[in-house]
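Sequence lines set the chain letters: A, B, ... in the order given, protein chains first and strands last, and positions in each chain run from 1.
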Amino acid sequence: MANFEPDINHRIWQIVATIPQGKVATYGSVAEKAGMGRAARRIGHALRDLPLDTRIPWHRVVNAQGRIALPAGSSRHQAQRQRLEKEGISFGRHERIDLKQFGW
DNA sequence: TACTTGACAGCAT
DNA sequence: AATGCTGCCAAGT
């Protein structure tokens, strides 16, 4: 059968929704938990497809280097950073989050 | 239809 | 530490 993405997106969103407040997960770990192996790239697409008013905590997903993947300066980037800091997550040198401390 | 790009990651050099 | 290559998958050109 043909893989319909809406199902995949749902699976991904469900995983993202389980990330505890004050913690962050990486694209790779979300992909793995979703049973998608190394398809980290697919995660980005799923998050991109989220509606603006979603309650899914998409901001808790960062790249493997602990940095926000969105283009610096974009409104989404700023929104993500603001929400993370509001949850107690701090950014260190070079806008990086310490995954040893805040990683899920 | 083929090639490129993109909210990425892991390994080799 | 920095680059390059490969895996993965959808969407744009």
Donor/acceptor link under 3.5 angstrom from Tyr27(A) side chain onto base of dA9(B): no
Results of side chain to side chain donor-acceptor pair (under 3.5 Å) for Arg67(A) - residues two or more places apart only: Gln65(A)
Non-neighbouring partners of Trp13(A) that pass ring-ring contact (aromatic ring centres under 6.0 Å, His included), sequence neighbours left out: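 Trp13(A) satisfies ring-ring contact (aromatic ring centres under 6.0 Å, His included) with His10(A) only.
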Please report the distance separating the [atom1] of [N] from the corresponding atom of [M], rounded so that it comes out in whole Å.
| N | M | atom1 | value |
| --- | --- | --- | --- |
| dT1(B) | dG12(C) | C1' | 14 Å |
| dC5(C) | dT5(B) | P | 15 Å |
| dA7(B) | dT6(C) | P | 22 Å |

Which whole-number value in Å describes the distance from [X] [atom1] to [N] [atom2]?
| X | N | atom1 | atom2 | value |
| --- | --- | --- | --- | --- |
| Arg67(A) | dA9(B) | CZ | P | 9 Å |
| Ile8(A) | dA10(C) | CD1 | P | 8 Å |
| Arg83(A) | dA7(B) | CZ | C1' | 15 Å |
| Leu47(A) | dA7(B) | CG | P | 12 Å |
| Arg42(A) | dT5(B) | CZ | C1' | 15 Å |
| Asn63(A) | dG6(B) | CG | C1' | 13 Å |
| Leu99(A) | dG10(B) | CG | P | 11 Å |
| Asp49(A) | dG6(B) | CG | C1' | 12 Å |

Proximal nucleotide (of [options]) relative to the [X] side chain:
| X | options | value |
| --- | --- | --- |
| His45(A) | dA9(B), dC9(C), dA7(B) | dC9(C) |
| Arg48(A) | dC8(C), dA9(B), dA7(B) | dA7(B) |
| Arg38(A) | dA7(B), dA9(B), dC8(C) | dC8(C) |

Touch class at under 4.0 angstrom, heavy-atom based, for Ala69(A) against every strand present: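 If one applies the 4.0 Å heavy-atom cut-off, Ala69(A) turns out to touch the sugar-phosphate alone, with no base involved.
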Worked check of side chain to side chain contact (heavy atoms under 4.5 Å, CB included) between Gln80(A) and Val62(A): CA-CA 10 Å; Gln80(A) 180 169 13; Val62(A) 297; 4.0 Å; yes
Donor-acceptor pair, side chain of Thr54(A) and main chain of Pro51(A), under 3.5 angstrom: no
Partner of Val61(A) under side chain to side chain contact (heavy atoms under 4.5 Å, CB included), chosen from Ile19(A), Thr26(A), Ile56(A):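 Going through the options one by one, the only one that passes is Ile19(A).
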